[in-house]
Amino acid sequence: MNTKGFTTGLVHADRNAGVEHGALRQPIHTSVQYGFDRVEDLIGVFQGTKKGAFNYARQGTPTTAALEAKITQFEDGRGTVCFGTGMAAISAVFLTLLRAGDHLISSRYVFGNTNSLFGTLRKLGVEVTTVDAGSIDAVAEAVRPNTRMVFVETIANPGTQVPDLDALGALCRDKGLLYVVDNTITSPALFRPKTVGASLVINSLTKTIAGHGAALGGAVTDTGEFAWQHYPNIAEEYRRSNPADWGLLQIRKKGLRDMGGSLSSEQAHQIGLGAETMALRVGRSSDNALALARFLQGHRAIQKVHYPGLESHPQYAIAKKLFSSSSWLLSFELRDPARMIDVVNRLQLPVKATGLGDTRSLVIPVAPTIFFEAGPEVRQSMGIADGMVRLSVGIEELDDLIADFEQALAAA
Ligand SMILES: *Cc1c(COP(=O)(O)O)cnc(C)c1O
């Protein structure tokens with residue numbers, strides 16, 4: 001049956017794919033090996049002529065494949081490869097598609113561990129330039145003859161900067177560059193990067209897609225927008241099939257199979273369960289975040305609120321145009337940074353914890369924790385003030401959240 005609605009398609013996906021006994025959910029397949037009656041079929045699996053068969057669980061199981069199909073559907077993509085974490089997905093994209101001497105342009109405002117990974121890439125001989133991707137001119141000026149890829153996040157954590165996603169898509173199309181978009185903060189419930197011409201979409205499944213904070217996972221989705229036949233770094237052995245499959249084939253073989261950051265069937269199942277309520281959770285937590293952002297902006301103890309849904313945000317217009325809402329991520333700075341630790345300690349509902357996109361609100365002071373290792377220079381270049389507090393807003397009742405912030409800030 002063909003369904004248009006995001007959640008309608010999602011909650012009926014397993015059943016519609018045909019599960020034995022009429023089960024509504026794909027079971028958890030724990031087998032590592034998959035056997036065949038005829039050796040010709042085993043040979044066919046190795047030679048890529050027998051499609052849809054499983055072989056060894058490092059490269060996928062029926063359970064991870066069911067999750068991949070769902071994510072492909074979320075992103076309106078051509079195919080997806082799942083990994084054990086979001087970082088495994090990101091590192092697989094960089095390490096399988098870039099070579100020494102290639103050039104990568106990234107937004108300056110990216111996840112801390114992604115930024116740290118750029119240091120590793122530089123040591124392997126990949127040139128990495130970081131720019132303010134809110135300025136299309138800055139990105140265009142950074143393009144060199146050896147540039148292969150542009151990497152951005154939809155809403156940056158913790159500063160909530162939004163790149164000029166539409167214009168970047170046009171630039172990448174024009175220059176033949178791979179356009180890789182980390183959609184973790186918005187999630188496919190709020191935004192599909194394919195609509196701005198993204199080539200590959202990355203999601204950390206650990207965050208909004210699972211939502212419960214009980215499983216790690218990552219995914220790379222090919223949108224079908226990129227012409228792989230023009231990409232130089234595809235190995236000869238993967239150039240035999242339909243060019244539209246080359247990119248993901250190389251990511252699955254060189255990234256998942258050889259580097260081994262595989263997602264287990266148990267975790268894939270947990271993520272799939274959480275994903276069924278993604279749109280509901282994201283709707284509620286985003287509504288909460290907007291109301292909290294407005295409340296905080298009007299509070300005398302607050303210096304600044306970073307949230308793309310506020311008209312004061314520099315990329316308010318882009319966020320309003322592209323995203324169905326501005327997500328559950330916000331950060332704020334206190335007028336008196338010396339009060340930060342005390343205010344965070346006084347909060348009773350948000351859990352003092354790292355992590356994002358959970359059903360529970362999570363709060364963390366940024367400079368002394370997630371951006372401590374980066375050092376003061378990197379923090380300054382990324383616009384991270386010493387008194388910045390990050391909030392991943394959950395699905396609690398709004399009145400409870402506001403009341404908690406009111407009491408915590410009263411002393412500030
Ligand atoms: C959390 C996160 C990642 C990494 O995901 P893990 O599943 O924790 O490895 C990557 N990008 C962004 C934007 C994230 O928030």
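For this chain, numbers begin at 1 and follow the sequence in order. Both counts, for ligands and for their atoms, begin at 1 and track the order of listing. Computed from a predicted model, the values in this text were never measured in an experiment.
- Applying the side-chain hydrogen bond (donor to acceptor under 3.5 Å, both in side chains) test between Asp245 and each of Arg252, Arg78, Arg240, Gln250 identifies Arg78 as the sole match.
- For Lys207 and Phe111, the positive end sits near the middle of the six-membered ring, less than 6.0 Å away and at most 45° from its axis.
- A salt bridge links Arg144 to Glu127: one of the charged nitrogens lies within less than 4.0 Å of a carboxylate oxygen.
- The shortest non-hydrogen separation linking Leu200 to Leu97 is CD1-CD1, 3.7 Å.
- Ile185 and Ile155 make their closest contact through CG1-O, 3.3 Å (heavy atoms, listed as atom of the first residue, atom of the second, distance).
- Taking the side chain to side chain contact (heavy atoms under 4.5 Å, CB included) definition, one finds that Asp258 meets it with Lys254, sequence neighbours left out.
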Show the short N or O contacts, below 3.5 Å, that ligand 1 makes with protein N or O atoms; if there are none, say 'none'.
residue, atom, partner, partner atom, Å
ligand 1, 5 (O), Ser204, OG, 3.0
ligand 1, 7 (O), Gly86, N, 2.8
ligand 1, 7 (O), Ser204, OG, 2.8
ligand 1, 7 (O), Thr206, OG1, 2.6
ligand 1, 9 (O), Gly86, N, 3.0
ligand 1, 9 (O), Met87, N, 2.9
ligand 1, 11 (N), Asp182, OD2, 2.7
ligand 1, 15 (O), Lys207, NZ, 2.8

